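No hydrogens, no waters, no symmetry mates; every other heavy atom, side chains included, goes into these values. Atoms within a ligand are numbered from 1 in the order they appear, just like the ligands themselves. Being a predicted model, the structure only gives us computed values, none of them experimental. Residue numbers run from 1 in the order of the sequence given.
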Amino acid sequence: MNALFPALRTRTDLPALRFGAETLTYEDLGRAAGALVTPILGAGRVAVWATPTAATAVGVVAALLAGVPAIPINPRTGERELAHILGDSMPGAVLAGADDVLPAGLADVPRIDVETAVDHHSPVSAASAFSGAEPDDPESPALIVYTSGTTGPPKGVVLSHRAIAASLDALEEAWAWTEDDVLVHALPLFHVHGLILGILGPLRRGGSVRHLGAFSVEGVARELGAGGGTMLFGVPTMYHRIADALGDDPALVRALGGARLLVSGSAALPVHDHERITAATGRTVIERYGMTETLMNTGVPVGSRPRPGSVGLPLRDVELRLVEEDGTELRAYDGESVGEIQVKGPNLFTAYLNRPDATAAAFDGDWFRTGDMAVREPDGYVRIVGRKATDLIKSGGYKIGAGEIENALLEHPAVLEAAVTGAPDPDLGERIVAWVVPADAEKPPTAGELADHVAGLLAPHKRPRTVHFLRALPRNDMGKLLKKALPEALHG
Ligand code: MCA
Ligand code: AMP
């Protein structure tokens with residue numbers, strides 16, 4: 001039973017999850033998740049309406065215990081994206097909190113309510129609540145997480161029990177992560193960072209997690225300070241906002257200064273923000289580098305000297321190489337030879353759901369092509385310097401494909417042509433910029449209308465933050481769009 005979460009049996013009276021005022025011990029979690037195992041066993045796959053609540057954590061743990069693959073769904077997902085995810089993954093049921101209002105797109109999927117309030121007088125013990133259905137085969141699929149590519153709709157990344165266990169256990173070693181750790185975070189629960197690292201990570205260690213529900217600097221200060229948090233996980237946008245607030249907030253300075261580990265990931269944390277945090281608190285933020293398809297690849301080990309701008313060393317059992325454009329392996333450890341990061345190891349995904357073509361294209365033999373460009377320092381530390389595809393945008397830590405936004409914009413009746421790029425943004429890392437040729441130059445749509453249109457079809461974080469209107473998109477003689485020439489076209 002529960003190979004992923006042995007603490008469900010051993011740490012029964014200790015706190016596992018806290019979301020706001022709601023706390024679940026391991027016993028509570030075992031009972032709540034155990035009660036769902038039988039109802040979901042026949043579902044084939046189960047969607048989880050991934051609000052930032054205890055219900056999501058209970059639903060996902062239940063699916064893992066039942067051996068039924070779970071598909072976390074962003075509760076703000078727009079109608080087009082939701083239809084794609086459901087059509088692609090065909091869940092037999094959706095798990096949702098009892099009070100959640102589900103959109104029409106989910107009307108045909110049988111709903112199972114997740115109860116987090118546990119009846120302590122029930123004779124069902126946590127252990128007996130499990131059906132013992134958890135798969136023996138570590139290769140069996142555990143989660144299907146949707147991630148954007150440069151074009152087309154998001155792809156479902158199939159992650160096995162093996163990959164999740166391997167990645168979390170490698171982080172245990174790198175960060176001396178133990179059952180005594182209390183993780184504070186405010187990440188969404190429909191991606192790897194917030195769900196696998198942020199919820200399943202503490203549960204695998206037998207520690208606990210305090211989720212803020214929504215990110216706020218005050219919440220971080222409270223939970224890391226008096227709340228007893230020992231670790232903080234966040235995306236660079238969160239650390240940027242923390243760095244902005246440190247000057248006026250002695251309680252925040254104390255809270256960060258007292259934490260055992262401050263970890264940033266999902267995008268590069270600018271050196272300036274590293275420096276501001278260290279100057280104010282005396283603490284260094286450490287970075288780790290991962291991807292939905294690979295889970296965690298590298299990390300700065302706890303206790304290493306400060307390395308702003310570095311994502312650290314390959315984690316245990318992860319092999320990492322740098323490869324030149326022509327496929328030649330780069331052997332230099334010189335801090336300046338740039339190659340694409342390729343990785344292999346037990347942390348890798350199984351396949352893209354229903355996409356053997358995309359799966360095959362993502363690999364060079366056993367090596368997964370990350371698309372991230374990096375150098376290696378003489379001591380092996382990896383520094384990411386860019387990304388191969390300019391059509392992938394990282395905004396607020398979310399990966400967003402330019403192509404999917406362009407397609408959504410083109411569906412707006414007032415849009416004739418559209419191009420999407422990423423622009424540097426101090427808060428979000430990159431900001432989505434839309435370049436639009438209106439169908440009627442006299443009556444262009446408003447920027448807000450286009451943002452709402454994209455948010456409604458895809459998701460709010462994919463909405464353009466800036467919209468430029470042009471007479472025509474710049475193209476070469478072959479008709480190919482020249483994205484680099486867009487700023488000039490604005491003034492042309
Ligand atoms: C504004 N809003 C709108 C619109 N305009 N909603 C609909 N339509 C509109 N036109 C709403 C938003 O929904 C939101 O509502 C509020 O306005 C503000 O949203 P926004 O400006 O987008 O962002 P934010 O609230 O300021 O969030 C910043 C953030 C967030 C908290 C840093 O970006 C975030 O949580 N990022 C985490 C991304 C992440 O987890 N990435 C991991 C994937 P409301 O305020 O009500 O919510 S990468 C990964 O997993 C790999 C493995 C890795 O390495 O980690
Ligand atoms: P996703 O596909 O949403 O899981 O995002 C994965 C991508 O996030 C990686 O391919 C990197 O480009 C980026 N990423 C994750 N962690 C870091 C980091 N610490 N520094 C720079 N980029 C990162």
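Closest heavy-atom approach to atom 54 (O) of ligand 1 within the set H240, R463, R288: this belongs to R288. Nearest to atom 48 (S) of ligand 1 by heavy-atom distance, out of E287, H185, H191, K394, is K394. The option with the heavy atom closest to atom 27 (O) of ligand 1, from among R241, M238, E293, is R241. Looking at A268, S266, S148, G397 and measuring to atom 16 (N) of ligand 2, the nearest heavy atom belongs to S266. With G265, A267, G371 as candidates, the residue nearest to atom 18 (C) of ligand 2 on a non-hydrogen basis is A267. Heavy-atom proximity to atom 37 (C) of ligand 1, evaluated over A447, P460, G396, G397, is greatest for G396.
Of the protein's non-hydrogen atoms, the one nearest atom 30 (C) of ligand 1 is Y398 CE1, 4.0 Å. Protein heavy atom nearest atom 46 (O) of ligand 1, with residue, atom name and distance: R76 NH2, 2.8 Å. Counting protein heavy atoms only, atom 1 (P) of ligand 2 is closest to T292 OG1, 3.5 Å. With hydrogens left out, the protein atom closest to atom 10 (O) of ligand 2 is D372 OD2, 2.5 Å, a heavy atom.
Ring centroids of F349 and F363 are separated by less than 6.0 Å, placing the two rings close together. Aromatic ring centres of H191 and Y398: separated by under 6.0 Å.
Those atoms of ligand 2 with a heavy atom of K399 less than 4.0 angstrom away are 2 (O), 3 (O). Ligand 2 places these atoms under 4.0 Å from at least one heavy atom of M291: 4 (O), 6 (C), 9 (C), 10 (O). Counting atoms of ligand 2 from 1 in the listed order, those under 4.0 Å from a heavy atom of E287 are 18 (C), 19 (N), 20 (N). For ligand 2, the atoms lying closer than 4.0 Å to a non-hydrogen atom of V311 are 18 (C), 19 (N), 20 (N).
Taking a 4.0 Å cut-off on heavy atoms, V192 fails to register as neighbouring ligand 2. Heavy-atom distances between G194 and ligand 1 stay at or above 4.0 Å for every pair.
For ligand 1, the polar-atom distance check finds an N/O of R465 within less than 3.5 Å of one of the ligand's N/O atoms.
The part of I384 lying near ligand 2 is the side chain, judged by heavy-atom distances below 4.0 Å. The proximity of K394 to ligand 2, defined as any non-hydrogen pair under 4.0 Å, is limited to the side chain.
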- [ ] Evaluate the criterion side-chain hydrogen bond (donor to acceptor under 3.5 Å, both in side chains) for residue pair E404 and S148; output intermediate values, then yes/no.
- [x] CA-CA 8 Å; E404 56 179 325; S148 293; 2.5 Å; yes

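The two residues L348 and V343 make their nearest non-hydrogen contact at CD2-O, 3.7 Å.
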